[in-house]
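The block underneath contains the structure these notes are about, expressed in structure tokens.
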Amino acid sequence: MQIISIVNKKGGVAKTTTALAIASGLSKRNFHVLAIDFDAQANFSKASGGEDDVVGSFDILTGKENINEAIQELPLYHLIGADKRLSSIDVALNKPGREFMLKKALSQIHSAYDFCIIDNPPALNVAVANSLVASDKIIICSSAEAFALDGLMELSTTLDDVHQFMNPALIVDGILITIFNPRTIIGQHIKEQLSKIAHVMNTKVYNTFIRRCNTISVSQSDRKNIFDFPTTKAAIDYGNFIDEFLGGHLHG
Ligand SMILES: Nc1ncnc2c1ncn2[C@@H]1O[C@H](COP(=O)(O)OP(=O)(O)OP(=O)(O)O)[C@@H](O)[C@H]1O
Ligand SMILES: [Mg+2]
């Protein structure tokens, strides 16, 4: 199982949208996928059609339940859902080794899936630390709008610490530019800035970028996946992105 975290400390940069697209896109390519929602907003869980008030990622992080109790079998992929209790995870999970709870739990089901996709909150809390410690690869989402670069240097410092102390093998696979409008000057400018930051972080900006597309919010509120609208810009771009990602994945 490859464990992939979708991250950025900044909010509203399409982390959840990207995690949904990757989970459903990989499932449609016949991979066995487990998705984990680590955000108290539970947007990923809601858009996936997950159940409320069930054992979820909070119970796994705090070690209260076995991971198998938290897995919901949805039509496309399996889900470990989020709920509001995650907003106090830093208080609830406050013991030595707290960053290793997810890694330990996932070791029990490592051979059951091809991919585990983790949607993270816009934060650098202990849930995100668990995500970075357990992951093989991360994908950083960045919108191509003003202030898009905010928080990236802080993330970079956190990644340095994770590499040094907790998960030296973690690969920063790349930066995915989302909500992109190629016609705007700001979009082009941010693309150049992100390439420089990618260099500092020893990674790349993916060739594929995700164009702005109004169907995204419609698909999410209807609990459909973006590939149910195959002719839209978002379905085309996310499909290309998954191909690009898998190309790198298959060839190391
Ligand atoms: N390519 C796109 N085109 C248009 N709207 C988009 C696109 N991608 C995402 N959005 C919209 O932008 C908003 C933020 O997206 P999303 O919730 O995926 O971001 P996020 O990074 O997960 O946010 P948060 O940090 O709050 O968890 C949502 O309303 C979503 O529908
Ligand atoms: Mg989100």
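Both counts, for ligands and for their atoms, begin at 1 and track the order of listing.
- For Arg211, the heavy-atom gap to ligand 1 drops under 4.0 angstrom.
- Side-chain atoms of Tyr77 do not come within 3.5 Å of backbone N or O of Val33 as any donor-acceptor pair.
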Legend entry - Thr18 and Tyr238: CA distance, side-chain angles, deciding distance, side-chain hydrogen bond (donor to acceptor under 3.5 Å, both in side chains) verdict: CA-CA 8 Å; Thr18 300; Tyr238 274 116; 2.7 Å; yes
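- Side-chain contact, Ser5 with Ser131: a donor N or O sits under 3.5 Å from an acceptor N or O.
- Distance remark: protein heavy atom present below 4.0 angstrom from atom 25 (O) of ligand 1.
- Close contacts of ligand 1 with Val13, meaning ligand atoms under 4.0 Å from a residue heavy atom, involve 19 (O), 20 (P), 21 (O).
- Heavy-atom contacts of Gln220 reach the following atoms of ligand 1: 30 (C), 31 (O) (cutoff under 4.0 Å).
- Close approach of ligand 1 to Gln41 is summarised as follows: ligand atoms under 4.0 Å from at least one heavy atom of the residue are 24 (P), 26 (O), 27 (O).
- Considering both main-chain and side-chain atoms, Thr17 comes within under 3.5 Å of ligand 1 through a nitrogen or oxygen pair.
- For atom 2 (C) of ligand 1, the nearest protein heavy atom lies closer than 4.0 Å.
- Taking every heavy atom of Asp39 and a limit of under 4.0 angstrom, the matching atoms of ligand 1 come to 27 (O).
- Remark: ligand 1 atoms within the under-4.0 Å shell around heavy atoms of Thr16 are 18 (O), 20 (P), 22 (O), 27 (O).
- The option with the heavy atom closest to atom 6 (C) of ligand 1, from among Val218, Ile216, Ile210, Asp237, is Ile216.
- Residue contact check: Lys15 has heavy atoms under 4.0 Å from atoms 18 (O), 19 (O), 20 (P), 21 (O), 22 (O), 24 (P), 25 (O) of ligand 1.
- The main-chain N or O of Ala23 is found under 3.5 Å from a side-chain atom of Ser27 such that the two form a donor-acceptor pair.
- Heavy-atom minimum distance, Ser45 versus Gly81: OG-CA, 3.4 Å.
- The distance from the Mg ion (ligand 2) to the nearest N/O/S atom of Thr16 is under 2.8 Å.
- Scanning the protein heavy atoms around atom 19 (O) of ligand 1, the nearest turns out to be Ala14 N, 3.0 Å.
- Here the side chains of Leu20 and Asn225 are not in contact, with every heavy-atom distance at 4.5 Å or above.
- Annotation for ligand 1: atoms under 4.0 Å from non-hydrogen atoms of Gly11 are 25 (O).
- Numbered from 1 in the order shown, with element, the atoms of ligand 1 that lie under 4.0 Å from a heavy atom of Gly12 read 14 (C), 19 (O), 20 (P), 21 (O), 23 (O), 24 (P), 25 (O), 26 (O).
- With a 4.5 Å cut-off on side-chain heavy atoms, Ile140 and Met201 count as touching.
- In summary, the side chains of Asn240 and Thr208 do not present any donor paired with an acceptor at a separation below 3.5 Å, with no hydrogens or angles considered.
- Proximity of Ile179 to ligand 1 is established by a heavy-atom distance of less than 4.0 Å.
- A heavy-atom distance below 4.5 Å is found between the side chains of Leu102 and Phe38.
- The shell of residues lying under 4.0 angstrom from ligand 1, judged by heavy atoms, includes Cys213.
- Salt bridge Arg29/Asp243: present, at least one basic N to carboxylate O contact under 4.0 Å.
- Asp119 has its side chain out of reach of Ile117: every pair of non-hydrogen atoms, C-beta onward, lies at least 4.5 Å apart.
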